[in-house]
Amino acid sequence: MQALFAPSIKEDAVAAQGKRDKTHWLYIAVIIAVVAGVIVGLLAPEFGKGLKPLGDLFVDLIKMMIAPVIFCTIVLGIGSVRAAASVGKIGGLAMGYFVLMSTFALAIGLFVGNLLKPGTGLNLPKEPGGGAKYADQAHEAGGTWDFIRSIVPDTLFSSLTSGSVLQALLVALLVGFGLQAMGSAGEPVLRGIGLVQKLVFRILVMVLWLAPVGAFGAIAAVVGATGFEAVKQLAWLMVAFYVTCAIFVFIILGLLLRFVTGLNVFKLARYLGREYLLIVATSSSESALPRLIAKMEHAGVEKSTVGIVVPTGYSFNLDGTAIYLTMASLFIADAMGAPFSLGEQFSLLLFMMIASKGAAGVTGAGLATLAGGLQTHRPDLLDGVPVIVGIDRFMSEARALTNFSGNAIATLLIGKWTSTVDLAQTQRVLDKQDPFDESTMVDDHDSAAPAPKEPAPAL
């Protein structure tokens, strides 16, 4: 009977895909919205600045979905694995890789900054006391122990409402290991969480259709606030930063990906093209997190590996942020005529290596961490931080794109090292032989939850 109806089921699925996959219109609308935002920001600056709440509202809607997505993904990933040791191996290897690559990214930022000497001769004006508010944001995060303590939520359920990615990550790990220990008794709970994940993805798809509105408001506001001349004045810094990020992703990480897995980083970038466009529209890699999870699973990486590496990487594998912190620090120092000594740069690198790990949990993360580093090492440069604010919105796009690419590549590398990726399937996907089905994130026939083995029916 199953074989008899298989062709019609397949045909219905193909027809449904052709009917439902209208997302290309969404991304065309995003491009149009970005262009329109630039035009409005240039022709009507005050009106453009007034549209900022549109962009903020869209990003807030996206962030609203992050904790549920992470919780469901990790619980399903860990809960479906019967060997706890394999989860520990993946997590430990991922954390080691994240620390190494983030430190390397910081060093790259220092190297490029010293090579190009950004800011030299600009004589940027100081804004007395202007950097204090950003430093205060960094101090509000507390020290190392305060940061560690903040990972533990007040209650089990508050981790999903507090807005802290790390709290949701901790609780998801605990729940996942708990369900893992329950064995077959926990399968009904896993199926229930799988349905919740399906609901979360449906809501997320509805939210994403507001991306053109959010992109229009955000771009119009930043262009209206900075003006074309202000952007042009500091454009060379942004270009240097973008080029550095591109070299890091396509050459350094690309060669590592090629050497370890044999995959082509440019094909991977093409596969993630729609996610890149979404990130450019929102300047936040968080907006593409659910789609990265879905696409990595489709590319052949096991659910358990994706569920651990991707969400953890979003908090600890911030390569773009690391490059930004060191380059921005050197830019401010050079622009104010007080460059860092070699010893101060090394000390700054050590500080940023630790501070950048908590950047995802701090409001205004990039600027707050930057101000905290400058205040610790060179308080005289703190008043130069507001100079960066005008172009921070543009630089945040490169940060987000680099962070996102680093996590996508990390997932494939960890999958290879732990033998949890089907590289043949990955190659087929990157060669467009098995394209990603957009409807799998919302269709009822999608296997959101792991399929438990049901006992054979009694005859």
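What you find for Gly262 and Gln427 is that their closest heavy atoms are O-OE1, 4.3 Å. Ser405 and Tyr276 get closest at one heavy-atom pair: OG-OH, 2.8 Å. Counting all heavy atoms, side chain and backbone alike, Leu263 lies closest to Leu423 at CD1-CD2, 4.1 Å. Considering all non-hydrogen atoms of both residues, Phe250 and Val265 come closest at O-CG1, 3.9 Å. The heavy-atom pair separating Leu292 from Ala408 by the smallest distance is CD1-CB, 3.8 Å. Nearest heavy-atom pair across Thr418 and Thr420 is OG1-OG1, 2.8 Å.
Of the possible donor and acceptor atoms, none in the side chain of His298 sits under 3.5 Å from a partner among the backbone N and O of Val429. At distances below 3.5 Å, not a single donor-acceptor pair connects side-chain atoms of Lys295 with backbone N or O atoms of Leu272. Although no hydrogens or angles enter the test, the distance criterion places a donor-acceptor pair under 3.5 Å between the side chain of Asn403 and the main chain of Gly320.
Using a 4.5 Å heavy-atom threshold, the side chains of Leu268 and Leu412 count as touching. Residues Val112 and Met327 meet the side-chain proximity criterion, which asks for heavy atoms closer than 4.5 Å. The side-chain heavy atoms of Leu253 and Met101, taken from C-beta on, include a pair separated by under 4.5 Å. Side-chain atoms of Asn264 and Arg258, non-hydrogen and from C-beta on, do get closer than 4.5 Å to each other. The closest side-chain heavy-atom distance from Leu257 to Leu413 is below 4.5 Å.
The CG atom of Leu199 sits 13.5 Å away from atom CD1 of Ile193, with the distance rounded to the nearest 0.5 Å. Within the model, atoms CG of Asn407 and OG1 of Thr402 stand 11.0 Å from one another, a figure rounded to the nearest 0.5 Å. Summarising the geometry, atom CZ belonging to Phe216 is positioned 12.5 Å from atom CD1 belonging to Ile32; distances are rounded to the nearest 0.5 Å. Taking CG from Asp319 and CZ from Arg399, the interatomic distance works out to 13.5 Å, rounded to the nearest 0.5 Å. Here CG of Leu430 is found 13.5 Å from CZ of Phe266. Values are rounded to the nearest 0.5 Å. One distance of note links CG of Asn317 with CE of Met95; it measures 9.5 Å at 0.5 Å rounding.
Here Phe47 pairs with Val40, Ala44, Leu51 under the side-chain contact (heavy atoms from CB on, under 4.5 Å) rule; sequence neighbours left out. With sequence neighbours excluded, the residues forming a side-chain contact (heavy atoms from CB on, under 4.5 Å) with Glu46 are Lys49, listed by chain and number.
Only one option out of Thr103, Ile247, Ile252 pairs with Ile108 in a side-chain contact (heavy atoms from CB on, under 4.5 Å); it is Ile252.
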